[in-house]
Every structure is written in structure tokens, then in C-alpha cells.
Amino acid sequence: MNHRMRAQWAGWRAWLVALCLAWTLPLAAQTVTLNLKDADINALIGTVAEVTGKNFIVDPRVKGKVTVISSKPMNADEVYQVFLSILKVHGFAAVPSGEVIKIVPDVSAKQDAIPNVDDQHPGRGDQMVTRVVQIDNVAAAQLVPILRPLVPQQGHLAAYPSTNVLIISDRAENVARLVSIIRRIDKVGDTEIEVIRLQHASAVEVVRILTALERSRPGQKGQAVAQQALVADERTNSVLLGGDRSSRLRLRAIISHLDTPLERGGNTKVIYLKYAKAADIVETLRGVGKTQGEAVKGKAPKAAAAKQLDIQADEATNALVITAPPDVMRALESVIRQLDIRRQQVLVDAIIAEVSERKARELGVQWLVFDRSGETAPVGGTNFTNSGNSAVDIAAGVLSKSIGGLAPGLLLGGGRFGSNSLNYGAVLQALAADGDTNILSTPSLVTLDNEEAEIVVGQNVPFVTGSFTNTGATSGATNPFQTIQRQDVGITLKIKPQINEGNAIVMEIEQEVSSISDSASAADIITDKRSIKTNVMVEDGQIIVLGGLIEDRIRETEQKVPFLGDIPLLGYLFRAHSTNRDKSNLMVFIHPTILNDTATSNRYTSSKYNFMRARQFEAHQEGVPLLPGARPPKLPSMSELLELPPPFEESESAAPAGKSAPPPPDDE
């Protein structure tokens with residue numbers, strides 16, 4: 001039974017195979033011979049659709065007559081490839097879109113959904129495709145002008161520099177041809193970069209000589225820079241050499257001839273400084289040169305034995321004259337470049353505000369009693385030190401008929417003087433003194449970074465330090481003289497700024513305010529002095545208070561006669577009372593500004609200048625009260641002063657003739 005079933009199944013399988021072959025062989029063997037002359041293109045599209053079994057959507061712009069001549073039959077696939085070629089000849093393209101194929105003009109095909117291809121599926125024949133080609137060794141943008149003539153007008157060729165790729169949209173065969181050309185161009189060249197470290201010569205000088213040599217070669221003008229890369233690395237004294245192998249070999253030979261030691265142990269150079277002061281950096285350079293010289297001796301003691309180091313400063317030209325071995329010379333040149341830089345400036349605006357008040361009250365009565373009846377007579381009286389004149393002074397003045405040298409204030413006295421018997425006298429003294437001081441000063445000072453600057457605004461006051469009288473031995477003549485010492489009294493501001501990383505400024509500040517006191521109780525001049533000495537850190541443009549000196553001092557003094565001064569009411573006749581009050585308040589504010597460039601300096605200078613010019617304009621308009629025809633002079637405008645064009649031009653130039661321009665605004 002099993003054998004019978006197997007035989008029946010084999011028979012059925014053979015019958016099915018025969019049936020499939022009978023169904024497929026006619027279709028596979030179906031061929032078409034295209035011979036058309038001036039046929040309508042739409043008729044050709046219909047024939048191709050029947051042969052290939054594809055569905056087409058025809059753009060209304062697809063029109064024309066076609067001629068096709070073939071000598072042998074073609075299958076469906078060959079017919080479709082011939083159909084694509086016919087469309088290309090007539091300026092049309094087939095664009096697959098799902099189950100259908102769109103027939104459109106070439107100019108619209110690249111903007112449609114044409115397929116993207118790669119190396120595994122590059123497309124066939126005249127099929128419209130898009131391909132992205134990765135470039136590995138050359139710049140993609142450099143290939144665009146080379147390949148552009150090979151791409152038809154309706155095609156597309158562009159470079160994307162970020163990923164170094166080319167984007168091509170065209171027929172598959174032409175795209176394959178372009179890819180083949182690109183593969184031949186995209187090769188690794190023999191251009192390399194060599195680093196040649198010099199032992200004796202200067203890399204900068206060698207590069208300069210080689211650059212001039214390459215530019216002067218016949219037929220090489222304008223091409224030497226493109227063909228060769230010559231760069232000097234001053235830090236390592238090396239030459240970076242690039243280009244093709246033959247050019248690098250030729251230049252390397254020249255460099256080896258130039259990098260030879262000098263016949264003498266050292267070389268001399270004159271280096272002109274741009275910003276630094278030659279005399280200030282000589283000692284620093286000598287220390288650096290000594291350290292470098294010791295390092296050279298450690299490497300080659302015999303060759304370095306005769307080498308000398310000498311650094312001199314020529315202040316007339318602000319230049320350095322350096323004699324040193326090549327290694328030491330390069331180290332010194334590197335240090336000089338870092339030291340010879342433009343230094344920033346700092347503008348410091350200070351506000352000094354001081355308010356002080358002095359009050360004094362004195363009241364006292366003094367007595368004197370004496371008897372002139374005999375040669376010896378008792379004398380009695382009171383003498384209080386906190387009162388100006390005692391009764392003894394008044395009595396002596398009355399007896400000598402002179403009342404000069406009396407103390408300030410109210411003096412009332414009475415008594416009996418000149419009698420041969422008992423004499424007496426009493427003096428009442430009352431004094432009230434008030435003194436107020438209000439100082440507001442805004443000094444400004446500009447200085448270089450790390451340079452100390454000082455401004456003094458005040459008076460040079462003489463102080464008597466001693467007096468002498470020289471009497472002649474023979475003639476008896478006297479020669480009195482005094483010794484005087486002068487001292488500045490006023491406002492002193494001394495600063496030394498140091499600009500740190502960013503905009504922070506460290507400042508050493510010494511500020512002093514001194515003035516002459518108006519006290520009437522001193523025998524000579526009294527000066528009041530307030531000073532601050534500190535180091536602060538402040539940001540650029542920030543206002544910082546240095547400190548406030550506040551003093552409120554009250555002094556009360558009472559002198560009296562024992563027992564008598566304690567009697568109610570009557571005791572005031574035997575007392576002297578004085579009260580003094582001194583109160584002062586001083587605040588100092590600092591506002592630093594970094595002047596980085598000329599524009600910033602001009603802006604602040606113009607602001608200060610315009611402020612002073614505004615005050616001059618006000619004084620000029622008010623005139624001189626006692627001289628109607630006289631007017632104070634006025635400052636010229638900034639443009640007139642410096643003979644500069646705008647923007648320094650001010651509103652005065654636009655004022656009508658015969659009229660003065662309004663004062664510039666207050667910029668403070």
C-alpha cells in the first residue's frame with residue numbers, strides 16, 4: 001500500500017511540474033522587436049506597459065515623436081532599459097513611485113523621489129538616481145569645479161563640507177562614471193609635515209630666508225606659498241616643513257647648511273623695546289641669561305667655556321644690546337617678548353568728605369588783693385589756668401598804662417589800683433567760640449599698572465622750630481634769627497594699582513587730609529591730620545569706602561578756690577569753668593577704572609574736560625561784577641584743542657554767529 005501511494009504522489013508531482021512549465025515558458029520566451037519611426041511617445045509608453053507589465057503616469061508635458069530601430073528581439077527587461085534611454089534622449093525621465101512609474105521632464109526629476117543608491121545597488125542604465133559619495137583624502141569642495149562639466153544641466157552636484165561628502169543626482173551610468181573618477185582622485189598624497197629642530201640658527205630667520213628664496217625662483221612666483229608650508233615654532237626653535245617629497249628634500253638640505261655654528265662663541269643683537277623700559281629689565285634678563293648659561297655648560301662644558309653673556313641697556317633708543325650664545329639668545333628673546341607688552345592704565349577717582357565742628361565756652365572770675373603801704377606787704381589773689389588773663393595781668397597793665405595782649409572774649413574788671421594802702425581788683429572773663437569745617441574734595445589720578453602715583457593739593461606752611469639771638473662781643477649788636485621748617489598741608493593721595501586676572505584691582509593706598517586748626521588757645525599753628533594707609537581689592541568700576549574717622553570729644557574743666565567756690569551763688573565769684581567739644585566725621589571713597597584702550601581713555605578724558613568747560617562757560621556768561629566789560633576766558637572745545645574731527649565736535653560749532661553756545665552737560 002505504501003508503494004502504491006508513493007507512485008501516485010510521484011505521478012502527481014511530475015504532472016504539476018509539467019503544468020507550471022507549460023504556463024511560464026511562453027511568458028519567458030516572449031520577446032519584442034522595436035522598430036518605430038516617428039511614432040507618438042505616448043503610444044510607445046503604452047507598448048512598454050503591455051510588455052513589462054508596469055503602470056505609468058504620464059506628465060502632460062511629455063509629448064513628441066520617437067524613432068527606434070532594433071535588429072534583434074528583446075525581452076521585457078531589455079525593452080524597459082531601451083525605454084529609459086529613449087526618455088533620456090527626448091529630455092524625460094522615469095521616476096518610480098510605489099506601484100507606478102511617473103514620466104516627467106528631466107528638470108523636474110531630480111526634485112522628485114528618485115531612488116538613493118550605493119555601492120551594492122548602484123542602479124542601471126539611464127535610471128535617475130541620487131548617490132552620496134564619501135571623500136576621504138581630499139576636500140569635497142575642491143572636486144566640485146572638476147566634476148561640474150561632467151554633470152548635465154538637469155543633474156545636481158554639491159559638496160557638504162561638514163562631513164566631506166559629494167551629493168550627485170543624475171543617470172545611474174553617469175553617476176557610476178563620476179564615482180569611478182572620484183575614486184581615482186581621492187588618493188593619499190605624499191605631502192607630509194616634517195618638524196626640523198635647529199641647533200644653532202634661529203627658526204624665524206631660516207623661514208624668512210627660505211620664503212624669500214622660494215618666491216625668487218624662476219617660474220615659481222605666486223606659487224611657492226601654495227606648494228610649500230614653512231612655519232617657525234619659536235618656542236622649540238623648530239621649522240615645520242610641508243609639501244611633496246622632492247621639495248621637502250631640497251629644502252631640508254638648505255636648512256642643514258644654514259643650521260651651522262658661528263665661528264665665534266656668541267652673537268650680538270640689538271632688540272628695540274616697544275613698551276617696557278630697557279634699564280628696568282636688564283637685571284631680570286641677566287638673571288635669566290645666567291641660569292640658561294649654566295644649563296648650557298652642563299650639556300657641553302668644553303664648548304661653553306668660552307661663551308660669554310653681556311646685556312646692556314641703551315636708554316637713548318630704549319634698546320637692549322645682548323651678546324649671548326644662540327641657545328641663551330633664544331631664551332632671552334622669548335622672555336623679552338613676554339615682558340615687552342603694553343601695560344594697562346588705571347584711573348582712580350577719590351571722594352573725600354569731612355565735616356568737623358568745634359565749640360568752646362569759658363566763664364570765670366579772678367581776684368587780686370595787695371597792700372602798698374610798706375616795703376613788704378601781703379599779696380593775695382586767684383589765678384585759674386583755664387582763663388585767659390588773670391587779675392594780676394590786668395593790674396600790671398593798668399599800672400603800666402598798657403592793656404595790650406588781652407585774651408579773646410569779654411573782659412570786665414574793676415577795683416582799686418595805685419593807692420598807697422590796700423588795692424584790690426576783680427576780672428570777669430566770658431568766651432564762646434564756634435568753628436565748623438566742611439571739606440569735599442574729588443581728586444583724580446591716572447597711573448600705569450603697578451606704578452606708584454601721588455597727587456598733593458594744599459599749601460606749604462612754614463613752622464617755626466627755633467629762634468636764636470647772637471650778641472656781638474665788641475659792638476653789642478644783636479642778630480636774631482629763626483629756624484623754619486615747611487610742611488605740606490592739604491590733601492595727599494598716593495596709590496599703586498595692580499591689575500589681576502579679570503577686572504580685579506589690588507591697590508596700595510595712602511590717603512591723608514591735613515588742615516590748619518582755627519583754635520585760639522594755642523601759642524602757635526595747630527594742624528589737624530587724618531590719614532589712611534591700607535591695601536584693598538576692588539573690581540573695575542566698583543566704588544569702595546576706605547574708612548570713616550569719627551570723633552566726638554567733650555572736655556570740661558572747672559577750677560575754684562576751696563571752700564569759697566562751694567558757697568551757693570557766691571561761689572561763682574571764686575570759680576572758672578570751661579567746656580570744649582570737638583566733633584569730626586571723615587569718609588573716603590575710591591572708584592578705580594581700568595583704561596584698556598584709547599577709546600576708553602578718550603571717553604573719560606572728554607567727560608572730565610566737558611565738566612570743566614561747563615564751569616568755564618557759566619563763569620563766562622556771568623562775567624566779572626565790578627568790571628562789566630571783562631569776562632573770564634573759556635576753554636576751547638575738544639575738537640579745537642586737539643584738532644580732531646567728530647565725534648569730539650560739540651554743540652558750540654552749531655551756535656549762530658554772535659551768540660554763545662549753551663554749556664556742555666555736567667558729566668560728573
Side-chain angles (χ1 to χ4, degrees), residues 93 106-107 109-123 126-197 203-204 206-208 210-236 238-255:
D106 274 341
V107 293
K110 64 181 180 181
Q111 300 173 352
D112 213 327
I114 58 178
N116 297 325
V117 297
D118 51 21
D119 289 336
Q120 287 74 24
H121 304 88
D126 292 323
Q127 180 186 6
M128 287 292 295
V129 296
T130 298
R131 186 164 182 175
V132 178
V133 183
Q134 179 68 49
I135 311 300
D136 298 324
N137 301 298
V138 298
Q142 294 180 355
L143 298 178
V144 172
I146 299 174
L147 302 177
R148 172 63 67 184
L150 304 179
V151 180
Q153 184 177 2
Q154 63 272 14
H156 176 73
L157 175 64
Y160 185 60
S162 299
T163 56
N164 200 40
V165 297
L166 282 175
I167 303 173
I168 309 173
S169 293
D170 199 9
R171 309 286 175 174
E173 288 185 350
N174 194 37
V175 171
R177 182 172 69 101
L178 294 176
V179 171
S180 177
I181 296 174
I182 292 172
R183 294 292 183 258
R184 295 186 178 185
I185 298 176
D186 188 21
K187 299 290 185 180
V188 178
D190 63 348
T191 301
E192 297 180 0
I193 300 296
E194 295 185 25
V195 179
I196 303 174
R197 186 161 185 175
V204 177
V206 170
V207 168
R208 182 183 62 81
L210 293 179
T211 302
L213 180 63
E214 289 297 307
R215 289 178 178 174
S216 62
R217 290 179 60 198
Q220 297 294 325
K221 292 185 177 179
Q223 301 179 6
V225 178
Q227 294 178 354
Q228 302 297 333
L230 286 170
V231 180
D233 181 20
E234 299 183 33
R235 186 179 65 86
T236 60
S238 302
V239 175
L240 278 68
L241 179 61
D244 58 272
R245 184 180 295 107
S246 60
S247 298
R248 285 187 281 111
L249 181 61
R250 179 177 53 85
L251 292 177
R252 200 162 53 235
I254 298 175
I255 292 175

Does [X] use its side chain to pair, donor to acceptor, with the backbone of [Y] at less than 3.5 Å?
{"X": "N164", "Y": "I135", "result": "yes"}
{"X": "R148", "Y": "L157", "result": "yes"}
{"X": "E194", "Y": "R252", "result": "no"}
{"X": "S238", "Y": "T236", "result": "yes"}

With a 4.5 Å limit on heavy-atom distance, are the side chains of [X] and [Y] in contact?
{"X": "L230", "Y": "V206", "answer": "no"}
{"X": "I168", "Y": "T130", "answer": "no"}
{"X": "V207", "Y": "V231", "answer": "no"}
{"X": "V151", "Y": "V144", "answer": "no"}
{"X": "L210", "Y": "L251", "answer": "yes"}
{"X": "V129", "Y": "S169", "answer": "no"}
{"X": "L166", "Y": "V132", "answer": "no"}
{"X": "D233", "Y": "R197", "answer": "no"}

Checklist entry - Just one of V138, V133, I146 clears the side-chain contact (heavy atoms from CB on, under 4.5 Å) bar with I182, so which one? => result V133
Checklist entry - Could you give the distance from CG (L147) to CD (Q142), rounded to the nearest 0.5 Å? => result 12.0 Å
Checklist outcome for this item: On a heavy-atom basis, the closest approach of V165 and A140 is O-CB, 3.7 Å
